[in-house]
Protein chains: 2
Amino acid sequence: MTETVGKKRAPVRTRDEKYDERRTQLAESALTTLGELGYARTSLREIAQHSEFSHGVVHYYFNSKADLIVHCVRYYKTKCSRRYDGVIATAATGEELIEGFVDTLVETLRNEAPMHRLWYDLRGQSMFEPEFREQVAIIDGLLEDMIWRIVTRYSELTGAVPAFSPGTTYAMVDGLFVKALLEHVNGTADALENLREQAFAILPALFRS
Amino acid sequence: MTETVGKKRAPVRTRDEKYDERRTQLAESALTTLGELGYARTSLREIAQHSEFSHGVVHYYFNSKADLIVHCVRYYKTKCSRRYDGVIATAATGEELIEGFVDTLVETLRNEAPMHRLWYDLRGQSMFEPEFREQVAIIDGLLEDMIWRIVTRYSELTGAVPAFSPGTTYAMVDGLFVKALLEHVNGTADALENLREQAFAILPALFRS
DNA sequence: ACCCAATCTTGACGATTGTCAAGGGCAGTT
DNA sequence: AACTGCCCTTGACAATCGTCAAGATTGGGT
């Protein structure tokens, strides 16, 4: 099916590619709706209504509602966790690395709070619904790896030695982020500054001098 | 059962007391059901079925489903956070305090995981449903205070000075607990030992020598 | 023993949901 | 031009839910 190449030279999008494009197109649309209402309170009809398709299409591209949210969150978090790679590659000093990391962290909290609360919603539901657990573990691993790349890069730049395991380090930073997210969603004005301050306060403590 | 002592004297339970008793009786029953299925997937009928009453009673004692879960979680978490008071009062040394704290933390994870995931469920939903936020903030304050009582007590016993603010400290410990809860619910065998190790590793870092 | 208010049961309503199947329209191929 | 497979729409089904109201039941005060 893929070798239509003979006639049309290069069909810009093959069948599967078009299928995947629609999938992520739907996922991106669903992401905003899910991020606004949460998993339980968002219906597939609501998702379709905020897209340019009808509600049957969702089932054509995703096996179930559970499939949809998992795909959405994993899609976003993969993209999100890569956002720090630039900082890691560019930073020439430890301070610069930390600055860039905290900046990105604060900015994603400011601009994409709905996506993050959706992730924590999914992770929370995975504690009740076994169906979610495998994918949640994968996403969690994504984030843990991202944090650890920051930590090891900082170690390379400054010679400081990580004081805790990757899992412990991630858990602490994540706890901080959750707290900031709760405050920010709550309308607390200085949630962003707080996160910045707290991050700067914590990060040095993650290493042995 | 009440054996109305004498004539009036002291009616062992007044109207309101009896009302409150039934309320917490229902709350305790609902707590196990909610802890098993989560907020979204638990119906009031399911809750009533696991109690000795019919589903109408739930609405007689609670204004809404939201009222019910909030009352349940707050009831449990208040009780749970007081569980550390004994350790704080008894501990004669810093090591003893930490030992007792971590022991209690690990035990509650082992024995009451459903209650804890219900709390995180409620906290997560509060990011989508403003109705929950006020009560969630109160419960969060309860826990932050509890952690801070441990920290200040440790400071008194050892002379070590807390390195972070109450909020930051609570956020880090909570992050650790969430991670352990996820692992434990997931069936990871060494989730409990991990929490113990990680807690012992972290706690000293919360103070300046 | 009687009465009244508190307590509890039962049944129903309106609304919503995930899921699926049947069918229409369109593109590319023969 | 006819056909075929893909994409999408529409409509429906079966189940479930929170909420409420009307009525039965109970128990304590008189």
Side-chain angles (χ1 to χ4, degrees), chain A residues 1-26 29-30 33-34 37-72 125 129 131-132, chain B residues 1-26 29-30 33-34 37-72 125 129 131-132:
Chain A
M1 55 173 75
T2 40
E3 29 199 335
T4 45
V5 196
K7 291 223 161 172
K8 283 283 183 167
R9 248 300 255 131
V12 191
R13 305 179 304 180
T14 104
R15 272 291 183 285
D16 290 346
E17 279 172 354
K18 196 175 174 188
Y19 185 83
D20 286 345
E21 271 183 28
R22 256 300 120 86
R23 244 174 95 92
T24 66
Q25 178 187 3
L26 267 175
S29 172
T33 308
L34 281 166
L37 300 175
Y39 176 65
R41 304 164 48 92
T42 304
S43 71
L44 297 182
R45 285 170 177 80
E46 188 87 22
I47 290 177
Q49 225 158 6
H50 286 76
S51 81
E52 47 176 339
F53 303 100
S54 65
H55 72 271
V57 175
V58 182
H59 247 85
Y60 183 79
Y61 287 98
F62 298 94
N63 294 329
S64 67
K65 190 186 176 186
D67 256 19
L68 177 60
I69 188 186
V70 163
H71 184 86
C72 285
Q125 296 310 310
E129 179 55 70
E131 182 182 1
F132 290 141
Chain B
M1 54 175 75
T2 42
E3 53 192 285
T4 57
V5 192
K7 291 210 171 167
K8 308 183 173 184
R9 250 303 255 133
V12 191
R13 304 181 303 179
T14 101
R15 273 289 183 287
D16 291 345
E17 280 174 353
K18 195 175 175 187
Y19 185 83
D20 287 344
E21 271 184 26
R22 210 30 52 105
R23 243 174 98 92
T24 66
Q25 179 188 3
L26 267 175
S29 173
T33 308
L34 281 166
L37 300 175
Y39 176 64
R41 303 164 50 92
T42 304
S43 70
L44 297 181
R45 287 169 176 81
E46 188 87 22
I47 290 177
Q49 226 159 7
H50 286 78
S51 80
E52 47 177 340
F53 303 100
S54 65
H55 71 271
V57 175
V58 182
H59 248 83
Y60 184 78
Y61 287 97
F62 298 93
N63 293 330
S64 68
K65 191 188 176 187
D67 256 19
L68 176 61
I69 188 187
V70 163
H71 184 88
C72 285
Q125 295 311 309
E129 179 55 68
E131 182 182 0
F132 290 141

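First the proteins, then the strands, lettered A, B, ... as listed; each starts at 1.
The side chain of A:V57 has D:dT9 as its nearest neighbour among D:dC7, C:dG18, D:dT9. Comparing D:dT19, C:dG18, C:dT7 against the side chain of A:K65 picks out C:dG18 as the nearest. Comparing C:dT19, C:dT7, D:dT19 by their closest approach to the side chain of B:Y60 singles out C:dT7. Comparing D:dT9, C:dT9, C:dA6 against the side chain of A:S54 picks out D:dT9 as the nearest. Here the side chain of B:H55 is nearest to one of D:dG18, C:dG18, D:dC20, namely D:dC20.
Expressed to the nearest 0.5 Å, how far NE2 of B:H50 lies from CG of B:L34 amounts to 11.0 Å.
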**Message:** Could you walk me through whether A:F62 and A:L26 satisfy the side chain to side chain contact (heavy atoms under 4.5 Å, CB included) test, starting with their C-alpha distance in whole Å, then the side-chain angles of each, then the deciding distance to 0.1 Å, before giving a yes or no?
**Reply:** CA-CA 10 Å; A:F62 298 94; A:L26 267 175; 4.1 Å; yes
**Request:** Could you give me the CA-CA distance, side-chain angles and deciding distance for B:L68 and B:C72, then say whether side chain to side chain contact (heavy atoms under 4.5 Å, CB included) is met?
**Result:** CA-CA 6 Å; B:L68 176 61; B:C72 285; 3.9 Å; yes
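Going from atom NE2 of A:H59 over to atom P of C:dG23 covers 20 Å, rounded to whole Å. One interatomic measurement links the two molecules: CD of B:E21 to P of C:dA6, which rounds to 18 Å at whole-angstrom precision. For the pair A:F53 CZ and C:dC26 C1', the computed distance is 15 Å after rounding to whole Å. Per the geometry, CZ belonging to A:R45 stands 8 Å off C1' belonging to C:dT16, to the nearest Å. Regarding A:L26, its CG atom lies at a distance of 10 Å from the P atom of D:dT9, rounded to whole Å. Atom OH in A:Y61 sits roughly 10 Å away from atom P in D:dT9 (whole-Å rounding).
Among the atoms of the strands shown, none is found under 4.0 Å from any heavy atom of B:F62. Residue contacts shown for B:S43 are limited to sugar-phosphate atoms, with no base heavy atom under 4.0 Å away.
Looking at A:R41, its side chain has no donor and acceptor atom pair within 3.5 Å of the base of C:dT17.
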In residues 52-61 of chain A, what donor-acceptor pairs under 3.5 Å come from side-chain atoms, sequence neighbours left out?
unit_1	atom_1	unit_2	atom_2	d
A:E52	OE2	A:Q25	NE2	2.8
A:H59	NE2	A:N63	O	3.4

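Looking at every heavy atom in both residues, A:T42 comes nearest to A:K65 through O-NZ, 2.9 Å.
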